[in-house]
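Step one of this worksheet: look at the structure below.
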Amino acid sequence: MEKRVATALVAVAMGATALATAPAYADPVAPSPTPTSDSTPSDNARKPYTPDPRIVSVDVDPNVVVVNRGRSAQVTARVTTKDVKSVDIDLWGPRGRSDHGGDHWFGKRKGGPNDGPKFDHASRSWRFDWSDRTGTYKVHVEAIGLDGKKYTADRTFTVKRNEWHAPRPSGPKATRIAGFDATPEPVRKGRSLTLKGTLQTAKCWGDWYYDDWNDFSGRRGGDRYCSDSRNYWNDWRWLGSQDVKIYFQPSGSRRWQYIDTIETDGDGDFAAKVRAWRSGTWAVRFDGNRRLKGSEATDYVKVWRH
């Protein structure tokens with residue numbers, strides 16, 4: 001019995017010794033790379049950007065500018081640049097001189113060695129009217145790149161006038177009775193009415209100026225300027241020493257009654273006194289002649305009986 005116990009104790013002692021002397025184990029660690037002579041730390045750094053300054057495009061719209069009489073037209077230049085710090089857009093006229101003045105600058109740009117490409121856009125517009133010179137114009141662009149150098153580009157366009165001219169008038173000219181009025185209204189029965197207005201004839205036909213009767217000069221400028229209009233007749237002048245007839249149509253009747261004939265004064269004005277007996281419409285009429293068309297005007301007047 002004692003021999004068995006001793007054997008067991010020896011076995012336990014030997015196991016403890018084995019545990020104490022066994023190697024310790026831990027998580028595996030990746031080995032560090034061994035530097036070689038072919039690799040350097042600069043391979044991981046960002047390479048500097050090399051600027052590429054230029055004027056990418058210059059577009060002009062429209063390419064042909066058509067100006068109508070009495071109106072204006074606009075042209076716009078659009079410029080795209082790359083890697084520039086300033087740009088100037090200027091307009092040169094047909095004679096090579098700077099025209100329509102003024103400059104357009106981006107403002108200063110600063111670029112570092114690691115900056116990427118810089119694209120910028122600018123535009124400038126000009127308006128042209130009838131008095132501007134026609135011909136070929138040039139949009140001149142100058143840009144200063146990030147490298148300090150100057151870059152230029154040009155684009156041309158044409159300015160034209162719409163030279164359409166109204167056909168020379170023929171036949172009788174239009175007339176009108178302007179500002180016709182019968183006063184007072186309403187009016188008491190038997191009281192006086194005053195009929196007044198102004199007889200006028202067309203001064204301009206299209207852009208032809210009317211000098212006298214059938215004399216059309218077509219000249220422009222000063223008081224002979226006839227502005228364009230969709231209305232065939234677009235200006236008027238007095239028409240003196242002409243007969244104007246007065247008519248009356250009582251309410252409820254379809255018949256016109258002739259009352260009197262009066263003559264316009266030197267300014268084309270006329271005035272007449274009449275008696276008001278019934279409510280109805282008063283009319284004045286110019287019959288016209290071979291040189292002038294006829295015209296008329298009306299005004300309704302209410303008459304009080306008491």
### Task
Starting from the C-alpha separation in whole Å, work towards a yes-or-no answer on side chain to side chain contact (heavy atoms under 4.5 Å, CB included) for Ile246 and Ile262.
CA-CA 8 Å; Ile246 302 173; Ile262 55 178; 4.2 Å; yes
### Query
What's the shortest heavy-atom distance between Pro250 and Arg255, and which atoms?
CD-O, 4.0 Å
### Query
Could you state the interatomic distance from OG1 (Thr201) to NZ (Lys293), rounded to the nearest 0.5 Å?
10.5 Å
### Query
Do Ile144 and Lys150 have side chains that get closer than 4.5 Å, going by heavy atoms?
yes
### Message
Nearest 0.5 Å, please: how far is OG1 in Thr264 from CD1 in Ile177?
### Response
10.0 Å
### side-chain hydrogen bond (donor to acceptor under 3.5 Å, both in side chains) contacts touching residues 174-185 (sequence neighbours left out)
Thr175-Ser295, Arg176-Gln200
### Query
Can you check whether Val244 reaches Thr261 side chain to side chain, under 4.5 Å on heavy atoms?
no
#### Entry: ILVMFWY cluster membership beyond Val56 - transitive side-chain contacts under 4.5 angstrom
Phe119
### Task
Taking Asn68 for its side chain and Arg71 for its backbone only, find out whether a donor-acceptor pair lies under 3.5 Å.
no
### Task
Please identify each residue that fulfils side chain to side chain donor-acceptor pair (under 3.5 Å) with Asp129, with sequence neighbours left out.
Ser131
### Query
Is any side-chain heavy atom of Phe270 closer than 4.5 Å to a side-chain heavy atom of Phe286?
no
### Query
Do Asp120 and Thr80 touch side chain to side chain, with heavy atoms closer than 4.5 Å?
no
### Task
Give every residue pair that meets the ring pair (Phe, Tyr, Trp, His ring centres under 6.0 Å) criterion with at least one member in residues 238-267, sequence neighbours excluded.
Tyr247-Tyr258, Phe248-Trp282
### Query
Residues two or more places apart in sequence or in another chain: which of them pass side chain to side chain donor-acceptor pair (under 3.5 Å) with Thr194?
Lys273
### Task
Using the test side chain to side chain contact (heavy atoms under 4.5 Å, CB included), find all partners of Tyr300 that sit at least two apart in sequence or belong to another chain.
Ser251, Ser279, Thr281, Lys302
### Pro53 to Gly145 - nearest heavy-atom pair and separation
CB-CA, 3.7 Å
### Task
Please list, chain by chain and in numerical order, all residues satisfying side chain to side chain donor-acceptor pair (under 3.5 Å) with Arg54, sequence neighbours excluded.
Asp52
### Query
Of the non-hydrogen atoms in Arg291 and Asn289, which two are nearest, and what is the gap between them?
N-OD1, 2.8 Å
### Task
Indicate yes or no: at least one non-hydrogen side-chain atom of Thr76 is less than 4.5 angstrom from one of Val60.
no
### Task
Test Arg78 against Ser123 for side chain to side chain donor-acceptor pair (under 3.5 Å), laying out the working first.
CA-CA 4 Å; Arg78 296 179 176 87; Ser123 65; 5.6 Å; no
### Message
Other members of the hydrophobic cluster containing Val64, with the 4.5 Å side-chain heavy-atom rule, please.
### Response
Val66
### Query
Pro117 versus Tyr49: any side-chain heavy-atom pair under 4.5 Å?
yes
### Task
List for me each residue that meets side chain to side chain contact (heavy atoms under 4.5 Å, CB included) alongside Ala153, sequence neighbours excluded, and say none if there are none.
Ile55, Val58
### Task
Establish, from distance only, whether the side-chain atoms of Thr198 and Asp269 form a donor-acceptor pair under 3.5 Å.
yes
### Exercise: identify the closest heavy-atom pair between Pro62 and Gln74
CD-O, 3.5 Å
### Residue pairs fulfilling salt bridge (Lys or Arg N to Asp or Glu O under 4.0 Å) with at least one residue in residues 243-254, sequence neighbours excluded
Lys245-Asp287
### Query
Does NZ or CZ of Arg161 fall inside the cone over Trp130's six-membered ring, less than 6.0 Å from its centre and within 45° of the axis?
yes
### Distance (rounded to the nearest 0.5 Å) between Glu263 CD and Ser241 OG
5.0 Å
### Task
Apply side chain to side chain contact (heavy atoms under 4.5 Å, CB included) to Glu296 and list each qualifying residue two or more places apart in sequence or on a separate chain.
Arg285
### Query
Do Leu146 and Val84 have side chains that get closer than 4.5 Å, going by heavy atoms?
no
### Query
CG/Asp267 to CG/Leu199 distance, rounded to the nearest 0.5 angstrom?
12.0 Å
### Query
Side chains of Val139 and Thr156: does their closest heavy-atom pair fall under 4.5 Å?
no
### Query
Which heavy atom of Val159 sits nearest a heavy atom of Phe157, and at what distance?
CG2-CE1, 3.8 Å
#### Entry: Val301 versus Ala182, closest heavy-atom pair with distance
CG2-CB, 3.6 Å
### Check: Asp154/His140 side-chain N/O donor and acceptor closer than 3.5 Å
yes
### Message
side chain to side chain contact (heavy atoms under 4.5 Å, CB included), that's the test. Do Val303 and Arg278 meet it? Break it down for me.
### Response
CA-CA 6 Å; Val303 174; Arg278 297 178 58 182; 5.6 Å; no
### Query
Sequence neighbours excluded, which residues qualify as side chain to side chain donor-acceptor pair (under 3.5 Å) partners of Asp147?
Tyr151
### Message
Is there a side chain to side chain contact (heavy atoms under 4.5 Å, CB included) between Asp61 and Val75? Walk through the geometry before answering.
### Response
CA-CA 6 Å; Asp61 183 36; Val75 61; over 6 Å; no
### Task
I would like to know whether Val187 and Trp304 meet side chain to side chain contact (heavy atoms under 4.5 Å, CB included); could you show each step before the answer?
CA-CA 6 Å; Val187 64; Trp304 297 97; over 6 Å; no
